[in-house]
Amino acid sequence: MKNKNIITNCLFPAAGYGTRFLPATKAMPKEMLPVLTKPLIQYGVEEAIDAGCDVMSIITGRGKRAITDHFDISYELEHQILGSSKEKMLDDIRGIIEKCTFTYTRQNEMKGLGDAIYKGKVLVGDTKPFSVILADDLCVNPDGDGVLTQMVNLYNKYKCCVVACMEVPIEDVHKYGVIEGNQIEDGVFMISNMVEKPDNDKAPSNLAVIGRYILTPDIFDVIEKTKPGKNGELQITDALCEQAKKGMVIAYKFKGKRFDCGSVDGFVEATNYFYELEKTEK
Ligand code: G1P
């Protein structure tokens, strides 16, 4: 089931430096790193379109212009390959550009994910729920709906914030926002507590938040009142924890697979996965 267009806006925080991929990310946004021939952020945009979104709101920063150019027509290039076999390689991105509106604003300073999302208020407005995709978490579900579509369906049922989560080995919990909560239906948890990147031995569980969120617009008021947390940054996890205390956030153990493309290992894993998939489809 699609979302009957309640959630039409998807926010992409994309201002981070991507230092784990230096030198590749010195002059190129990490979101433009290609898994096979498609940049990471395009996978995210396609997942958002599948979930019923048609406005992509991107939080960029200095050195991120390639993202804006990617989601625009390239007349010179298109003229060059007109009538050649290469033309079809642009079909998907052309379709995306036709279907969607792209809006942008910059996060001038790296003050954390909560701050990046707050910067998006001017793009997504404060009257409707919206989705958030962190493009370096690449998600696939070969057996059914995409991860964001699954979450939108859940939003339609519970009408509150939804975060995607997965079980991770306890030695990895310090890399994530971690949740504590009661299971209310299979794979769905009412969150009572959330901690950003806890020490492994202090984590409330091994259920880690991954980069997919559905947020209700009241989150902006909560972010305004949230103090900087882990690493001195404004954390969306802390703002969501406030909402969770009012019983307004659920975590969803999504169906599918997530690649951590913010790490070299995860990126290679995703590349191999899509390469094998492409080979079997040919
Ligand atoms: C961010 C969030 C964290 C979440 C993670 C998912 O951290 O702050 O809560 O678990 O994304 O990828 P980052 O990986 O940007 O440090």
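Whatever order the structure lists them in is the order used to number ligands and atoms, beginning at 1. Computed from a predicted model, the values in this text were never measured in an experiment.
For Phe259 and Tyr43, the distance between ring centers is not under 6.0 angstrom.
For atom 11 (O) of ligand 1, the closest non-hydrogen atom on the protein side is Leu134 CD1, 3.5 Å. Scanning the protein for heavy atoms near atom 5 (C) of ligand 1, the closest one is Val209 O, 4.1 Å. Looking only at heavy atoms of the protein, atom 12 (O) of ligand 1 is closest to Asp137 OD2, 2.8 Å.
In this structure, Lys230 has no heavy atom closer than 4.0 Å to ligand 1.
Looking at Thr8 and Lys128, their side chains do bring a donor and an acceptor atom within 3.5 Å of each other. A donor atom on one side chain and an acceptor atom on the other are not found under 3.5 Å apart for Ser263 and Asp265. Glu46 and Gln42 form a side-chain donor-acceptor contact under 3.5 Å, judged by distance and modelled atom types alone.
The pair Lys157-Glu185 meets the salt-bridge criterion, with a side-chain N (NZ, NE, NH1 or NH2) lying under 4.0 Å from an Asp/Glu carboxylate O.
Set against the non-hydrogen atoms of Thr237, the atoms of ligand 1 under 4.0 Å away are 9 (O). Heavy-atom contacts of Gly177 reach the following atoms of ligand 1: 3 (C), 4 (C), 9 (O), 10 (O) (cutoff under 4.0 Å).
Side-chain N or O atoms of Gln150 include one that pairs as donor or acceptor with a backbone N or O of Lys255 at under 3.5 Å.
Proximity of atom 8 (O) of ligand 1 to the protein is indicated by at least one non-hydrogen atom lying closer than 4.0 angstrom.
Sorted pairs that involve residues 145-199 and meet ring pair (Phe, Tyr, Trp, His ring centres under 6.0 Å), not counting sequence neighbours, are lacking altogether. The ring pair (Phe, Tyr, Trp, His ring centres under 6.0 Å) contacts involving residues 7-42 comprise Phe21-Phe267, where partners must be two or more places apart or lie in separate chains.
When the heavy-atom distances from atom 13 (P) of ligand 1 to Lys197, Arg212, Lys175 are ranked, the shortest goes to Lys197. Relative to atom 2 (C) of ligand 1, the option among Glu233, Glu196, Arg258 with the closest non-hydrogen atom is Glu196.
Neither the backbone nor the side chain of Asp260 has any atom closer than 4.0 Å to an atom of ligand 1 (non-hydrogen atoms only). The part of Ile210 lying near ligand 1 is the backbone, judged by heavy-atom distances below 4.0 Å.
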